[in-house]
Amino acid sequence: MDITEANNDSLGIEVLLESVKTAPCCPHGPTLLFEKGSKEGQKGRRFYACSACRDRKDCSFFQWEDEKVSKARLLAREAENLSKKHLFTHQEYFKRFQQFASLPLDKKKFCQDCQILLMPAEHSAHSAHRTTAITVAQLRRPSILLRPLNNKKNNAQYLFSNRSANFLLDTLAGLGYMKVLCVGTPRLQELIKLRNLEQKHEQMRSLLLDIDFRYAQFYSQDEFCHYNMFNHHFFGEEASSAVLSAFVSELDGEKVVMVADPPFGGLVKPLANSFSLISQTWKKLQNSGDSNVDMPMIWIFPYFFEPRILECLPSFTMLDYQVDYDNHPLYKHGKTGRRQSPVRLFTNISPKDVVLPKAEGYRFCSVCERYMWSQNKHCAKCNLCPSKDGREWKHCSTCKKCVKPSWKHCHICGHCALPDHPCGLSQGKEGCFNCGSLEHKSRSCPLKDTHRISSYGRKAKSGGKELSHHPLLKLKAKQKSGAACRVKKLVAQSV
Ligand code: SAH
Ligand code: ZN
Ligand code: ZN
Ligand code: ZN
Ligand code: ZN
């Protein structure tokens, strides 16, 4: 799984992954090095910025690569990093958990405002807060108990529906995986533990890697590592990465698989790099010595990132399965006929082995040798099942490929497009500067005036010496809203 070099973003900002070791740190671990405005043979200006946060409210780190940082600023930065440290260490949290579990029912309380389990001695200090009683069952479902982080720009937590989570676990168990490395999939980890309690299922093991430290309250150090998937950083340092190594080692005879569900606004290249590093850790521990085999992985992401993901991880394939979520208005499984979700599985597991449920409308395509969504009909001319978005696509004999059902061939433009496309205007290769769509220019972008994009501008103007010209804000705004824009459109079109 080599990360290919040609990974330029259309805004001319590129993530450079070579200097991770020397990068300065923000509270989220080593920052990433970006290059702005590089043209062929010409070096652009480079800067470091936070790997995990797109909003300077969450992390204001910014530094030009060639910038001399004063002693005072270094100290201030260190103090800032320290101030972000948590109330308790993971070890302390888990000790508290064990004590909490043995409390009588009427003493078990959770503070919703502080998002922590309270020990009896702490009740009075939280008396003015919203607190709730906690049952044993609730204690086993932290993903329900904890308020989903809903920071639109950074860390929105979208939790799997039972349908999708159970499909994933049944599929993986069916393929013989007994250990699941849950990267940003807390609900999956939780379901594995619940299934183990039911005893009906074979005992699976899991390890959760997530940046949300609230989960340290519920899991031991062998079950949870505080981890940043954009820079493969373990906050607990060595002890923590040793937990990963121990888990992915298959010397115990149990096969391991990774399931990652990163925030959709995340940059693909650093994510792919982290997953490759996890695979390398796995490879080093296998005694088979077959270095061509990669660790089995599933990366959950919207379908429109397919080209980008395959560019970074060429051994991956996108499957037709539509993942849906409990708390996402767009990706939710409706009561009456479900709304199509744009979220898919990208995997290096052989697609023919991943059986998609017939009862939910999937079928096997014997030519493509894999399961497809029923509406994704095989095209004999293209020799594939062409649909990406779940709708039935149609073949255009002039373009010699299948296109979206809403498109018509335009003889002026020489290719298929939406009937009301700005005809004859040379669209340029990049389409909309605002959201990345190829179907309109930024002038007519439906997302142009939404808060997401304008807020970057506003914030940039309103102050902050360090970040007033933070080029990354634009890039991230673009990638994120590009996804949002396409989701919006998809939904609009599918009704
Ligand atoms: N569908 C999943 C949740 C996905 S939401 C489930 O039901 O289990 C994205 C998850 O990634 C969240 O748990 C969030 O805390 C985590 N996350 C966000 N940014 C991260 C980062 N930089 N590193 C590691 N985990 C991150
Ligand atoms: Zn940061
Ligand atoms: Zn076709
Ligand atoms: Zn056409
Ligand atoms: Zn046209």
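The figures that follow rest on heavy atoms only: side chains count, while hydrogens, waters and symmetry mates do not. Numbers for residues simply follow the sequence, beginning at 1.
The closest side-chain heavy-atom distance from V183 to F275 is below 4.5 Å. Between T317 and I349, every side-chain heavy-atom pair lies at or beyond the 4.5 Å cut-off. Within the 4.5 Å cutoff, the side chain of K179 has no heavy atoms near those of the S206 side chain. Within the 4.5 Å cutoff, the side chain of H409 has heavy atoms near those of the C399 side chain. Annotation: side chain of E392 is not in contact with side chain of P405 (no heavy-atom distance under 4.5 Å). Residues D353 and V355 have side chains not in contact (no heavy-atom distance under 4.5 Å, counting atoms from C-beta outward). Looking only at side-chain heavy atoms (C-beta outward), F305 and C312 stay at 4.5 Å or farther from each other. Contact check for C385 versus K377: no side-chain heavy atoms found under the 4.5 Å cut-off.
For the pair R45 and W64, the distance from NZ or CZ to the six-membered ring centre is under 6.0 Å and the angle to the ring normal is within 45 degrees. The cationic group of K388 does not satisfy the cation-pi geometry with F304, failing either the under 6.0 Å distance to the six-membered ring centre or the 45° limit from the ring axis.
With hydrogens and angles disregarded, no donor-acceptor distance shorter than 3.5 Å links the side chain of D294 to the backbone of N348. Not one N or O on the side chain of N231 forms a donor-acceptor pair closer than 3.5 Å with the backbone of S51. In terms of modelled atom types and a separation under 3.5 Å, the side chain of Q157 and the main chain of L149 share a donor-acceptor contact. Between the side chain of H226 and the backbone N or O of F235, no donor-acceptor pair lies under 3.5 Å. Using a distance-only test at 3.5 Å, with no hydrogens or angles considered, no donor-acceptor pair links the side chain of S143 to the main chain of P186. Between the side chain of E250 and the backbone N or O of Q286, no donor-acceptor pair lies under 3.5 Å. Checking side-chain atoms of T171 against main-chain N and O of V354 turns up no donor-acceptor pair under 3.5 Å. Using a distance-only test at 3.5 Å, with no hydrogens or angles considered, a donor-acceptor pair links the side chain of S374 to the main chain of G361. When atom types are taken as modelled, the side chain of S341 and the backbone of V323 share a donor-acceptor pair closer than 3.5 angstrom. Q203 places a side-chain N or O within 3.5 Å of a backbone atom of N196 that can act as its donor or acceptor partner.
Closest approach of I412 and G424 over heavy atoms only: CG2-CA, 4.1 Å. What you find for P419 and S406 is that their closest heavy atoms are CD-O, 3.2 Å. In plain terms, the two heavy atoms of L209 and L244 that are nearest each other are CD1-CD1, 4.2 Å. Across every non-hydrogen atom of L418 and H421, the tightest pair is O-ND1, 2.6 Å. Nearest heavy atom pair, residue I278 against residue M295, reads CG2-SD, 4.0 Å. Shortest non-hydrogen contact noted between I300 and P262 is O-CD, 3.5 Å.
In this structure, R344 CZ and I298 CD1 are separated by 14.5 Å, a value rounded to the nearest 0.5 Å. The OG atom of S249 sits 10.5 Å away from atom CD of E254, with the distance rounded to the nearest 0.5 Å. Separation of atoms SG (C365) and NZ (K352) is listed at 14.0 Å; rounding is to 0.5 Å. To the nearest 0.5 Å, atom OH of residue Y227 and atom CG of residue L208 are 12.0 Å apart. Atom NZ of residue K408 and atom SG of residue C416 lie 10.0 Å apart, to the nearest 0.5 angstrom. In this structure, the separation between CZ on R391 and NZ on K404 is 6.5 Å, given to the nearest 0.5 Å.
Tested against F34 for a ring-ring contact (aromatic ring centres under 6.0 Å, His included), the candidates F62, F47, Y48 yield a single pass: F47.
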Please step through side chain to side chain contact (heavy atoms under 4.5 Å, CB included) for the pair L384 and C379, ending with a clear verdict.
-> CA-CA 6 Å; L384 47 76; C379 171; 5.7 Å; no

Tell me, with the steps shown, if L169 and L188 meet side chain to side chain contact (heavy atoms under 4.5 Å, CB included).
-> CA-CA 8 Å; L169 291 183; L188 209 58; 4.0 Å; yes

Walk me through it: do F316 and M318 pass the test side chain to side chain contact (heavy atoms under 4.5 Å, CB included)?
-> CA-CA 7 Å; F316 276 47; M318 183 174 86; over 6 Å; no

Please walk me through it: do S279 and M297 pass side chain to side chain contact (heavy atoms under 4.5 Å, CB included)?
-> CA-CA 9 Å; S279 181; M297 294 184 161; 3.9 Å; yes

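R187 has a carboxylate O that lies under 4.0 Å from a charged side-chain N of D326, or vice versa, which qualifies the two as a salt bridge. For E198 and R195, the salt-bridge test fails: no basic side-chain N is under 4.0 Å from an acidic carboxylate O. Salt-bridge annotation for E14 and K36: absent, with no side-chain N of the basic residue lying under 4.0 Å from a carboxylate O of the acidic one. For the pair E223 and K193, the salt-bridge criterion is met [side-chain N within less than 4.0 Å of a carboxylate O].
Listed by chain and residue number, T281, L285 satisfy the side-chain contact (heavy atoms from CB on, under 4.5 Å) test with S245 (two or more places apart in sequence, or in another chain). S387 meets the side-chain contact (heavy atoms from CB on, under 4.5 Å) test with N376, D389, W393; sequence neighbours excluded. Listed by chain and number, the residues in a ring-ring contact (aromatic ring centres under 6.0 Å, His included) with Y321 are F167, Y362 (sequence neighbours excluded).
Residue K401 places its NZ atom among 12 or fewer non-hydrogen atoms of other residues, nucleotides or ligands, all under 6.0 Å distant. Heavy atoms from other residues, nucleotides or ligands lying under 6.0 Å from NZ of K381 number 12 at most.
Counting only N and O atoms by type, the side chains of D324 and S164 include a donor and acceptor under 3.5 Å apart.
Ring centers of F160 and Y325: under 6.0 Å apart, within the cut-off. Aromatic rings from F264 and F301 are positioned such that their centres are separated by under 6.0 Å. Aromatic ring centroids of Y371 and W373 lie 6.0 Å or more apart. Centroid-to-centroid, the aromatic rings of H232 and F234 come within less than 6.0 Å.
Ring geometry for Y215 against F224 counts as tilted: the plane angle lies between 30° and 60°, on a 0 to 90° scale.
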